Amino acid sequence: MDLTVLYRGPLASCDYDCPYCPFAKRRDSTAQLRADRAALERFARWAADSGDQLSLLFTPWGEGLVRSWYRRTLAELSHLPHIRRVAIQTNLSCRTDWLADADPETLALWCTYHPGQTPYDCFLAKCRDLADRGIRFSVGVVGLPAHLEAARRLRAELPEHVYLWINAAEGHTYQDAEADDWTALDPLFPYSRHPHASAGLPCRTGESVISVDGDGTVRRCHFVRAELGNLYDDSYRAALRPRPCPLAVCDCHIGYVHLETLPLYDVFADGVLERIPAHPGGPQPVQALTITPRSSRLAT
């Protein structure tokens, strides 16, 4: 089968301390880092031995690419023929020379620029290096008023083919004029501006998309805590089926992108995991998109 897996191990340490970050950060001890490394290596062995076609997105609570075991794992997995895509969310604070060992046709990066945490010129230089290496990547900014000018500068100076996405800031209400400023940079910003009503709607999570933690516990997504089984004993497979979303709303891109009532699989196509739209001229405006729900596939 074709299976998309979002992996989040125990790593929770980050080299940034963004005040708007919703993730619970800690300073990982040596023992915690060893546990994260062991969990990642176990997951990588499962992925390497899998008989399925896999698309993998690593979504660590902390920053993974400053750790050698994440860089090595992504590079090694990128060369396996049954892995369609391997991607990771990153602040791009790591060095980029390790990418020489990766297959640029398979590996991709979902990069976030955090003003105040890293020099702008340093971040931009790394983005240009990714482009020179032929690495697939997107770049994003949290849509806070203080970030607007930096985001505009990024859009002007990034390679034209690089998609700049904007995430609505948690807890921030956008008036129409402010939302228009962000939409001018990212035509898909309206999808992020408001949470999506999702209760009872069809979603690919739990059928062709799953979330896995460091112990191998499988859930339909990061936001629904009900367990489907365990990855390493194959007990989750019997639970894979179409099912409606049990939550009232979905307000994170890595969740709502999988809703079947939204057209984002058509928008992103092969770039769903790394958040890269398929349209060569950039993402289409939201009003131009067609919603095609397939609710008849739901299981109760």
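As the structure is a computational prediction, the values presented were derived from the model and not from experiment.
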Using modelled atom types and a 3.5 Å cut-off, is there a donor and acceptor pairing between side-chain atoms of Ser198 and backbone atoms of Leu247?
yes

Between Ala75 and Ala102, what is the shortest heavy-atom contact and its length?
CA-CB, 4.0 Å

To the nearest 0.5 Å, atom SG of Cys252 lies from atom CZ of Phe223 at 3.5 Å

Reported CZ-to-OH distance for the pair Phe137 and Tyr163, which is rounded to 0.5 angstrom
14.0 Å

Within a strict 4.5 Å, meaning less than it, do heavy atoms of the Arg241 and Arg243 side chains meet?
yes

Do Arg71 and Leu65 have side chains that get closer than 4.5 Å, going by heavy atoms?
yes

Could you report the tightest heavy-atom contact between Ala168 and Ser192, atom names first, then the distance?
N-OG, 2.7 Å

Short question: side chain of Ser211, backbone of Arg220 - any donor-acceptor pair under 3.5 Å?
no

Backbone of Gly116 reached by a side-chain donor or acceptor of Tyr16 within 3.5 Å:
no

Give a yes or no on whether the backbone of Gln32 and the side-chain of Asp28 come within a donor-acceptor separation of less than 3.5 Å.
no

Pairing of Arg204 and Glu207 as salt bridge, 4.0 angstrom limit
no

Any donor-acceptor pair under 3.5 Å from His196 side chain to Tyr191 backbone
yes

One pair to check against side chain to side chain contact (heavy atoms under 4.5 Å, CB included): Phe43 and Tyr232. What are the steps and the verdict?
CA-CA 9 Å; Phe43 176 75; Tyr232 301 123; 3.4 Å; yes

Reported CG-to-CG distance for the pair Leu11 and Leu33, which is rounded to 0.5 angstrom:
6.5 Å

Spell out, as yes or no, whether a donor-acceptor pair under 3.5 Å connects the side chain of Ser78 to the backbone of Asp103.
yes

Indicate yes or no for a side-chain donor-acceptor contact from Tyr236 to the backbone of Val212 under 3.5 Å, with no hydrogens or angles considered.
no

Nearest heavy-atom approach of Cys14 to Asn91 is SG-ND2, 3.9 Å

For Glu178 and Pro145, work out which heavy atoms get closest and say how close.
OE2-CG, 3.5 Å

Is atom CG of Asp180 surrounded by more than 12 heavy atoms (other residues, nucleotides or ligands) closer than 6.0 Å?
yes

Can we say Glu41 and Arg72 salt-bridge, meaning some charged N sits less than 4.0 Å from an Asp/Glu carboxylate O?
yes

Give, for atom CG of Leu148 and atom CG of Leu185, the distance between the pair rounded to the nearest 0.5 Å.
6.5 Å

Search all heavy atoms of Tyr256 against all heavy atoms of Cys250 and return the closest pair with its distance.
N-SG, 3.2 Å

Ignoring hydrogens and geometry beyond distance, is a side-chain donor-acceptor pair present between Thr106 and His79 at under 3.5 Å?
no

Do Asp215 and Asn230 have side-chain atoms, one donor and one acceptor, less than 3.5 Å apart?
no

From Gln89 atom CD to Leu6 atom CG, the distance as rounded to the nearest 0.5 Å:
8.0 Å

Residues in salt bridge (Lys or Arg N to Asp or Glu O under 4.0 Å) with Arg85, at least two apart?
Glu274

Could you report the tightest heavy-atom contact between Leu164 and Ala151, atom names first, then the distance?
CD2-O, 3.6 Å

What orientation do Trp182 and Phe189 show, parallel under 30°, tilted 30 to 60°, or perpendicular over 60°?
tilted

Step by step, would you call Leu77 with Leu56 a side chain to side chain contact (heavy atoms under 4.5 Å, CB included)?
CA-CA 9 Å; Leu77 291 176; Leu56 309 174; 3.8 Å; yes

Using side chain to side chain contact (heavy atoms under 4.5 Å, CB included), reason through Val5 and Leu57 one step at a time and then give a plain yes or no.
CA-CA 6 Å; Val5 183; Leu57 174 61; over 6 Å; no

Answer yes or no: is there a side-chain heavy-atom contact under 4.5 Å between Val267 and His279?
no

Are the side chain of Arg37 and the backbone N or O of Trp69 linked by a donor-acceptor pair below 3.5 Å?
no

Side chain to side chain donor-acceptor pair (under 3.5 Å), that's the test. Do His222 and Thr59 meet it? Break it down for me.
CA-CA 10 Å; His222 288 329; Thr59 63; 2.7 Å; yes

Residue pair Asp129 / Thr96, side-chain donor-acceptor N/O under 3.5 Å
yes

Would Arg84 and Asp270 count as a salt bridge (charged side-chain N to carboxylate O under 4.0 Å, His left out) if you check the C-alpha gap in whole Å, the side-chain angles of each, and the deciding distance to 0.1 Å?
CA-CA 9 Å; Arg84 297 181 182 273; Asp270 289 341; over 6 Å; no

So do Glu63 and Thr90 actually touch side chain to side chain, heavy atoms under 4.5 Å?
yes

Mind checking whether Val249 and Leu262 sit in one hydrophobic cluster, side chains of I, L, V, M, F, W, Y counted as touching below 4.5 Å?
no

Is the Trp110 to His253 ring centre distance short of 6.0 Å?
yes

Taking atom CD as the centre, does Gln53 end up with more than 12 heavy-atom neighbours from other residues, nucleotides or ligands that are less than 6.0 angstrom away?
yes

Are any non-hydrogen side-chain atoms of Asp121 and Phe123 less than 4.5 angstrom apart?
no

Salt bridge flag under 4.0 Å for residues Asp186 and Arg155
no

Does the Asp52 side chain pair with the main chain of Met1, one donor and one acceptor, at a distance under 3.5 Å?
yes

Whether Arg128 side chain and Glu157 backbone form a donor-acceptor pair below 3.5 Å:
yes

Do Asp213 and Tyr7 have a side chain donor and acceptor closer than 3.5 Å?
no

Got Ser208 and His258 here, is their nearest side-chain heavy-atom distance under 4.5 Å?
no

Atom CZ of Arg34: over 12 foreign heavy atoms under 6.0 Å
no

In the structure I gave you, are the side-chain heavy atoms of Leu99 and Pro104 within less than 4.5 Å of one another anywhere?
no

Tell me whether the guanidinium CZ or amine NZ of Arg275 lies under 6.0 angstrom from the six-membered ring centre of Phe268 and within 45° of its axis.
no

Under a 3.5 Å cutoff, is there a donor and acceptor pairing between the side chains of Asp36 and Tyr70?
yes

Answer whether the closest heavy-atom distance between the side chains of Ser93 and Val66 falls below 4.5 Å.
yes

Is Ile276 reachable from Tyr113 through a run of hydrophobic residues whose side-chain heavy atoms are each under 4.5 Å from the next?
no

Hey, are Gln117 and Asp15 close enough side-chain-wise for a donor-acceptor pair under 3.5 Å?
no

Working note: Leu130 + Cys111, criterion side chain to side chain contact (heavy atoms under 4.5 Å, CB included); need CA distance, chi angles, decisive distance, verdict.
CA-CA 11 Å; Leu130 296 182; Cys111 309; 4.1 Å; yes

Spatial distance of atom CG (Asn167) from atom NE2 (His147) [nearest 0.5 Å]
12.0 Å

